[in-house]
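As a basis for the values below, the full set of heavy atoms in this structure was taken, side chains included, without hydrogen atoms, waters or symmetry mates. Order of the sequence lines fixes the chain letters, A, B, ..., with proteins taken first and strands second; residue numbering starts at 1 for each chain.
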Amino acid sequence: MNRHNISSNSVFDTGLKDRDVYDLLTKIPPGKVATYGDIAKALGYPTSSRAVGKILAKNPNPIVVPCHRVVKSNGHIGGYAYGEKRKKDLLEKEGLQLENSLVKNFNESRFEFAK
DNA sequence: GCCATGGCTAGTA
DNA sequence: GCCATGGCTAGTA
């Protein structure tokens with residue numbers, strides 16, 4: 001951080017913006033999931049899946065931003081700030097079928113972002 | 001240097 | 001389950 005950047009999300013930043021990630025997440029309806037890579041791609045950073053994970057780890061507001069609807073590309077549910085158990089419970093409550101930590105019918109459960 | 005990834009492989013059931 | 005990779009960021013100079 002320096003005098004040219006008021007924050008890491010400054011308009012002078014060239015990278016992925018936290019705000020854009022959070023905004024996009026609010027579009028995923030209950031019962032659907034997206035992958036870290038999907039989010040990155042939809043925002044124009046096709047190789048930034050790990051950066052998305054780090055942004056979600058900062059977990060701004062779990063009430064309005066459904067971080068729990070973001071999973072790994074192989075269907076594993078991935079991590080969660082409040083523990084994987086909690087993530088599973090939330091996803092199941094929303095109607096997703098899980099087998100251990102894997103999303104059943106993964107393809108059918110994926111949300112497609114508008115292009 | 002880290003890591004809430006991803007994808008490929010070995011090894012079990 | 002392992003490891004290669006990308007991209008962020010803490011922390012030094």
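- To the nearest angstrom, P of dG7(C) lies 11 Å from OH of Tyr45(A).
- Taking both residues in full, the closest heavy atoms of Glu84(A) and Ser101(A) are given as OE1-OG, 3.8 Å, listed atom of the first, atom of the second, then distance.
- Distance Lys72(A) NZ to dT5(C) C1': 14 Å, rounded to the nearest Å.
- A 3.5 Å limit on both hydrogen-bonding distances identifies no Watson-Crick or G-U partner for dA10(C).
- Taking the side chain of Ala81(A) as heavy atoms from C-beta on, and the options dG6(B), dA4(B), dC8(C), the nearest nucleotide is dA4(B).
- Note that the OG1 atom of Thr35(A) and the CZ atom of Phe106(A) stand 6.0 Å from one another [nearest 0.5 Å].
- The base of dA4(B) is not paired with the side chain of Tyr80(A) by any donor and acceptor separated by under 3.5 Å.
- Asn100(A) has its CG atom 14 Å from the C1' atom of dA13(B), to the nearest Å.
- Summarising the geometry of Tyr36(A) relative to Ile77(A), their closest heavy-atom pair is OH-O, 4.4 Å, with the distance given to 0.1 Å.
- Ionic pairing of Arg69(A) and Glu94(A) is present here: one or more N-O contacts between side-chain nitrogen and carboxylate oxygen are shorter than 4.0 angstrom.
- Rounded to whole Å, the distance from NZ on Lys58(A) to P on dG7(C) is 16 Å.
- For the contact set between residues 49-57 of chain A and DNA chain C, defined by any heavy atom under 4.0 Å, the members are Arg50(A), Ala51(A), Lys54(A).
- Looking at Lys87(A), Arg86(A), Lys88(A) one by one, the single match for side chain to side chain contact (heavy atoms under 4.5 Å, CB included) with Leu90(A) turns out to be Arg86(A).
- Asn74(A) has its CG atom 9 Å from the C1' atom of dT5(B), to the nearest Å.
- Minimum atom distance to the side chain of Ser73(A) is reached by dG7(B), of the listed dG7(B), dA4(B), dT9(C).
- In this model, the phosphate group of dT5(B) is not approached by any side-chain N or O of Lys41(A) to a distance below 4.0 Å at OP1 or OP2.
- The CD-C1' distance, from Glu99(A) to dA13(B), rounds to 14 Å in whole Å.
- In a base pair of the Watson-Crick type (N1 to N3 plus N6-O4 or O6-N4) or a G-U wobble (N1-O2 and O6-N3), with each distance short of 3.5 Å, dA4(B) is matched with no nucleotide.
- Residue-environment remark: NZ (Lys27(A)) stays at or below the threshold of 12 foreign heavy atoms within 6.0 Å.
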Please evaluate residues Lys85(A) and Asp89(A) with respect to the criterion salt bridge (charged side-chain N to carboxylate O under 4.0 Å, His left out), reporting the C-alpha separation (whole Å), side-chain torsions for both, the decisive distance (0.1 Å), and the verdict. CA-CA 6 Å; Lys85(A) 172 75 165 57; Asp89(A) 290 346; 3.1 Å; yes
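- Considering only side-chain N and O atoms, Thr47(A) lies under 4.0 angstrom from the phosphate OP1 or OP2 of dG7(C).
- Between His68(A) atom NE2 and dA4(B) atom P the separation is 19 Å, expressed in whole Å.
- If you take CD1 of Ile39(A) and P of dG6(C), they are 21 Å apart, rounded to a whole angstrom.
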